[in-house]
Number of protein chains: 2
Amino acid sequence: MRRVEPSVLPFGRPRGERADAARNREHLLLVAREMIAEDGVEKVTMDGLAERAGLGKGTVFRRFGTRAGIFAALVDDAERALQESVMGGPPPLGPGADPVRRMIAYGRARIAFLRDHHAVVRASLDRNRPVFAGVAGMSTLHIGMLLEQIRREGRADFTDIAALTIQLTAALEGPFLLYLGATASMPEHSPDFESGPSLGDSWQDLVERVCAPTA
Amino acid sequence: MRRVEPSVLPFGRPRGERADAARNREHLLLVAREMIAEDGVEKVTMDGLAERAGLGKGTVFRRFGTRAGIFAALVDDAERALQESVMGGPPPLGPGADPVRRMIAYGRARIAFLRDHHAVVRASLDRNRPVFAGVAGMSTLHIGMLLEQIRREGRADFTDIAALTIQLTAALEGPFLLYLGATASMPEHSPDFESGPSLGDSWQDLVERVCAPTA
DNA sequence: AGCATAAGCGGACTTTACCCCGCTTATATT
DNA sequence: AATATAAGCGGGGTAAAGTCCGCTTATGCT
């Protein structure tokens, strides 16, 4: 592996992280991706990963804290592109468009993301960690922001924005986070998810109704 | 050779169940309730439960299949009352009332139920089992039925009832199923859930908007 | 370069869900 | 009442997550 940072400033990582630790993290992530590609998510065990990476089990846990942590790191990585599109890309996903349109566009993009990564996303769920602050954190933040904006523009008057934010986030992510186990692939086993567009279309319908001007 | 068909015997236990097995099941449930009351859900282990009940570990698994199964049985039991109110009780929860009002009433009742039982409900989640067919099955069925009725009465035209059913179910149950780990008690750790009525009020708001007559 | 030290590392150990399978017993039939 | 048999039972066995702690090593300082 070649050096990525010719400049001397060690600013990319949290100050304390050693070079070997960073290298090991990358390596573990790489090996994890391989194992997932070969045998699927549920075949990735901490011992197996450690052995195949030529490292000790303790190291794996030190780096990722928990099994879910590995997948969370993977998801985090994959999410980056969407995150950047939302924060700085062109409308309607990025800033500048009408907030309702942005919400629709975001939902559709997020649904596509979840559909593409559902196995890893589900595996990243940590039983003792709030999902809305973890995996769904981006959705919660963004949806909340857009609702706030809609209200500020006087286009609708919501009873409780915080509660509605959570409910909409759940409506968006819930179908993927709650529907199936990590094992089975979603589309095959559930007719409700077969039709690609329907969940996205339904999200659009939902958002348009919820954000319609109060009669 | 006569094979006993375990399919449809509408009441009681699956026909083949022996008396001692039934007795053991009840006893295990009882002991589980005690252990939960004393030390909380996560302290209930299969070995601990078996030992305290004076039974073998294998028996516990035979009865409930999985750890989650125990809690699922407990939830199922607790759910019965709500289920009966919904199917045969007085309006607006029971049949006869306007479907939108019924949906609002159902959501409020379900929220109260989930709030009261969130620890056990969360523990009843099985990683490899569709939530919408398990814990949230009642909600999925009922919400779907009401949406269907609303559409049939020509009061609103939904893009995709199946998808919307899942999304609304997720909006209703998601906050409880996804928010916190089984350990922490929800209200204390999350300001969003502190205000008792707000989630219910927000549900009402959501339902009224979604089911509003199309302009 | 040499040193001090905090970060990293490894792998044995513990805990717990879940499996297996030979033995026991309730129950229906005669 | 005796019997056949399917259901139930028990508990030892396995696998995998997560913990611990003594050893190793990168790194910053002098």
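First the proteins, then the strands, lettered A, B, ... as listed; each starts at 1.
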Query raised in the report: Measuring from B/Q204:CD to B/R108:CZ, what's the distance to the nearest 0.5 Å?
Result: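 One gets 5.0 Å once the value is rounded to the nearest 0.5 Å.
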
Report task. Would you mind listing every salt bridge (charged side-chain N to carboxylate O under 4.0 Å, His left out) that reaches into residues 135-147 of chain A, with sequence neighbours excluded? Result ->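 Passing the test, one end in residues 135-147 of chain A: no pairs.
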
Requested in this report: Sort and list the pairs that fulfil salt bridge (charged side-chain N to carboxylate O under 4.0 Å, His left out) and have at least one residue in residues 130-147 of chain A, not counting sequence neighbours.
Outcome: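 Non-adjacent pairs meeting salt bridge (charged side-chain N to carboxylate O under 4.0 Å, His left out): zero.
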
Whole Å only: how far is the [atom1] atom of [X] from the [atom2] atom of [N]?
X: A/E51; N: C/dA12; atom1: CD; atom2: C1'; value: 15 Å
X: B/R18; N: D/dC9; atom1: CZ; atom2: P; value: 7 Å
X: A/L55; N: D/dT25; atom1: CG; atom2: C1'; value: 15 Å
X: B/L49; N: D/dG10; atom1: CG; atom2: C1'; value: 15 Å
X: A/R63; N: C/dG10; atom1: CZ; atom2: C1'; value: 14 Å
X: B/F64; N: C/dC19; atom1: CZ; atom2: P; value: 16 Å
X: B/K43; N: C/dA17; atom1: NZ; atom2: P; value: 13 Å
X: A/E17; N: C/dA6; atom1: CD; atom2: P; value: 18 Å

Would you be so kind as to tabulate the donor-acceptor pairs closer than 3.5 Å made by side chains of residues 140-149 of chain B, with sequence neighbours excluded?
unit_1 : atom_1 : unit_2 : atom_2 : d
B/T140 : OG1    : B/F132 : O      : 3.3
B/T140 : OG1    : B/A136 : O      : 2.9
B/E148 : OE2    : B/R151 : NH2    : 2.7
B/Q149 : NE2    : B/E153 : OE2    : 3.4

Query raised in the report: Does B/T59 place a side-chain N or O at less than 4.0 Å from the phosphate oxygens OP1/OP2 of D/dG10?
Result: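 Result: yes.
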
Query raised in the report: Between B/N24 and D/dC9, is there a side-chain N or O to OP1/OP2 distance below 4.0 Å?
Result: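 Yes, because at least one side-chain N or O of B/N24 sits under 4.0 Å from OP1 or OP2 of D/dC9.
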
Query raised in the report: Which pairs with one or both residues in residues 50-74 of chain B pass side chain to side chain donor-acceptor pair (under 3.5 Å), sequence neighbours excluded?
Result: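 Residue pairs passing side chain to side chain donor-acceptor pair (under 3.5 Å), neighbours aside: B/E34-B/R52, B/E38-B/R52, B/D47-B/K57.
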
Query raised in the report: So, B/S198 versus A/D160: side-chain donor-acceptor pair below 3.5 Å or not?
Result: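 Yes - a donor-acceptor pair under 3.5 Å links their side chains.
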
Query raised in the report: Looking for any heavy atom pair under 4.0 Å, which part of the strands does B/R23 touch: base, sugar-phosphate only, or nothing?
Result: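 Counting heavy atoms under 4.0 Å across all strands, no contact is made by B/R23.
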
Requested in this report: Select base, sugar-phosphate, or nothing to describe what B/A50 touches, counting heavy atoms under 4.0 Å on all strands.
Outcome: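 Nothing: the residue B/A50, judged by heavy atoms under 4.0 Å, touches no strand.
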
Between the protein and nucleotides 20-23 of chain D, which nitrogen or oxygen pairs come in under 3.5 angstrom?
none

Report task. Can you sort out the partners of B/R80 under side chain to side chain donor-acceptor pair (under 3.5 Å), two or more places apart, ordered by chain and number? Result ->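 Listed in chain order: B/D76.
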
Report task. Quick one: list whatever passes side chain to side chain donor-acceptor pair (under 3.5 Å) with B/E79, sequence neighbours left out. Result ->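 In terms of side chain to side chain donor-acceptor pair (under 3.5 Å), with neighbours along the sequence ignored, B/E79 is linked to B/R110.
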
Query raised in the report: DNA chain C: B/A68 or B/A19, which has the more 5' nearest nucleotide?
Result: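 Taking each residue's closest nucleotide, the earlier one in sequence belongs to B/A68.
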
Query raised in the report: With A/D39, which residues qualify under salt bridge (charged side-chain N to carboxylate O under 4.0 Å, His left out), at least two apart?
Result: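 Result, salt bridge (charged side-chain N to carboxylate O under 4.0 Å, His left out) vs A/D39: none returned.
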
N/O to N/O distances under 3.5 Å, protein versus nucleotides 14-17 of chain D:
unit_1 : atom_1 : unit_2 : atom_2 : d
D/dA17 : OP2    : A/M46  : N      : 2.9

